[in-house]
Amino acid sequence: MPRRYWLMKSEPDAFSWDDLCAAKDQTTSWDGVRNYQARNLLRDEIKEGDQVFFYHSSTKPQAIMGTATVVRAGYPDDSQFDPKSKYHDEKSDPANPRWFMVDIKADKAFKHPVSLPRMKATPELEGMALLRKGNRLSVQPVSAEEWKLIRGLSRTKGSE
DNA sequence: GCCAACGTTGGC
DNA sequence: GCCAACGTTGGC
C-alpha cells in the first residue's frame with residue numbers, strides 16, 4: 001500500500017498549527033470528529049506513515065500551514081466516552097465505538113503557507129476536494145499530484 | 001455577521 | 001422511508 005495523503009482542517013482558535021508544534025513530541029490525537037464520512041476515513045483508510053496537510057479554516061487567511069505524519073492509525077476516540085467532554089456521545093457503545101481518531105505529528109512548517117485564494121488561482125488544483133463548493137469534510141483525501149504541487153507552492157511566496 | 005450548503009433529527 | 005426543520009460549517 002503506497003503512502004497516501006490527506007488534508008485535515010482545524011480552526012486555529014480551537015487548535016492551531018502552533019499548538020501542534022508546541023505539543024509533547026509535536027504529536028496530538030485528532031479527536032472530536034463527529035461526521036460519519038470523516039469517521040470512515042479515520043477508521044478504515046488513514047494509515048501510519050500517511051502524510052497530512054494541516055489547514056486553518058474560518059480564519060484569515062485560510063491556509064495550509066504545514067505537513068504532518070500519521071503516527072498512529074485509527075483507534076477509538078476516547079472523548080466520546082467522557083461525560084465531561086464536549087464530544088461526549090452517550091449513544092456510543094464502548095464495545096462497538098462509533099467515533100475514531102488518529103495521531104499526527106508535525107513534520108514541516110511551510111516557509112510560505114499556501115492560502116485558499118492561491119490554491120483557487122492554481123488551475124492544476126481545480127478538482128481538489130477542498131475547493132469543491134459546499135465541501136465541509138474536516139478530513140479529506142489529497143492526490144499525490146496535489147500534494148506535490150502544493151509543496152512546490154509552499155517554497156515560493158505567492159501573491160496571496 | 002450573513003448565508004449557502006449540507007448532515008442529522010424526528011414527526012408522520 | 002420521506003422530508004421539513006434545525007444545527008453546523010466555513011467562505012465571504
Side-chain angles (χ1 to χ4, degrees), chain A residues 4-23 28-46 50-68 70 74-104 106 109-143 145-147 149-154 156-160:
Chain A
R4 291 207 277 168
Y5 303 100
W6 310 94
L7 180 142
M8 294 185 184
K9 293 180 188 173
S10 187
E11 296 193 19
D13 287 347
F15 191 85
S16 70
W17 170 256
D18 287 344
D19 291 334
L20 179 62
C21 293
T28 195
S29 297
W30 203 254
D31 66 354
V33 174
R34 295 294 179 266
N35 168 285
Y36 286 103
Q37 216 179 327
R39 186 282 309 270
N40 292 345
L41 295 177
L42 292 169
R43 185 187 60 191
D44 305 328
E45 303 292 335
I46 301 178
D50 283 359
Q51 299 283 105
V52 175
F53 281 144
F54 191 106
Y55 177 77
H56 279 179
S57 67
S58 296
T59 184
K60 239 174 110 177
Q62 300 109 305
I64 297 174
M65 304 305 293
T67 64
V70 176
Y75 63 106
D77 178 342
D78 35 51
S79 68
Q80 69 195 303
F81 304 123
D82 177 2
K84 293 194 290 293
S85 170
K86 66 172 175 170
Y87 300 121
H88 181 231
D89 183 351
E90 60 184 12
K91 293 188 196 146
S92 184
D93 174 5
N96 183 23
R98 180 179 292 187
W99 306 114
F100 284 71
M101 62 187 178
V102 300
D103 290 354
I104 63 168
F110 278 174
K111 184 159 193 277
H112 303 285
V114 178
S115 74
L116 185 62
R118 194 176 180 200
M119 287 187 271
K120 283 188 169 171
T122 303
E124 294 91 334
L125 295 176
E126 200 179 4
M128 193 178 176
L130 180 70
L131 306 182
R132 273 206 285 277
K133 189 173 185 184
N135 161 69
R136 282 169 34 184
L137 257 195
S138 61
V139 178
Q140 49 186 257
V142 172
S143 75
E145 293 74 22
E146 291 160 355
W147 180 268
L149 204 128
I150 289 169
R151 292 210 35 186
L153 292 178
S154 75
T156 59
K157 192 168 175 355
S159 54
E160 298 285 353

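Just so we're clear, the structure is a prediction, and the values are computed from it rather than from any experiment. Because only heavy atoms are used, hydrogens play no part in the values below, and waters and symmetry mates are left out as well, while side chains stay in. Convention: sequence-line order gives letters A, B, ...; per-chain numbering from 1.
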Is the shortest side-chain N to carboxylate O distance from Arg34(A) to Asp89(A) below 4.0 Å?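 Between Asp89(A) and Arg34(A) there is no salt bridge, as every charged N stays at least 4.0 Å from the carboxylate O atoms.
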
Base-contact (B) and sugar-phosphate-only (S) positions in nucleotides 3-11 of chain B, heavy-atom cut-off under 4.0 Å, - elsewhere: --BBSS---

Among Asp103(A), Asp77(A), Val102(A), Ile46(A), which residue satisfies the side chain to side chain contact (heavy atoms under 4.5 Å, CB included) criterion with Trp30(A)? Val102(A)

Would you say His56(A)'s side chain and Ser10(A)'s backbone share a donor-acceptor pair under 3.5 angstrom? no

Donor-acceptor contact present, side-chain Gln80(A) to main-chain Trp99(A), <3.5 Å: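 At least one qualifying donor-acceptor pair exists.
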
Give one of base, sugar-phosphate or nothing for Lys120(A), where a contact means two heavy atoms less than 4.0 Å apart. sugar-phosphate

Donor on one side chain, acceptor on other, Ser16(A) and Asp19(A), under 3.5 Å: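 A donor-acceptor contact under 3.5 Å links the two side chains.
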
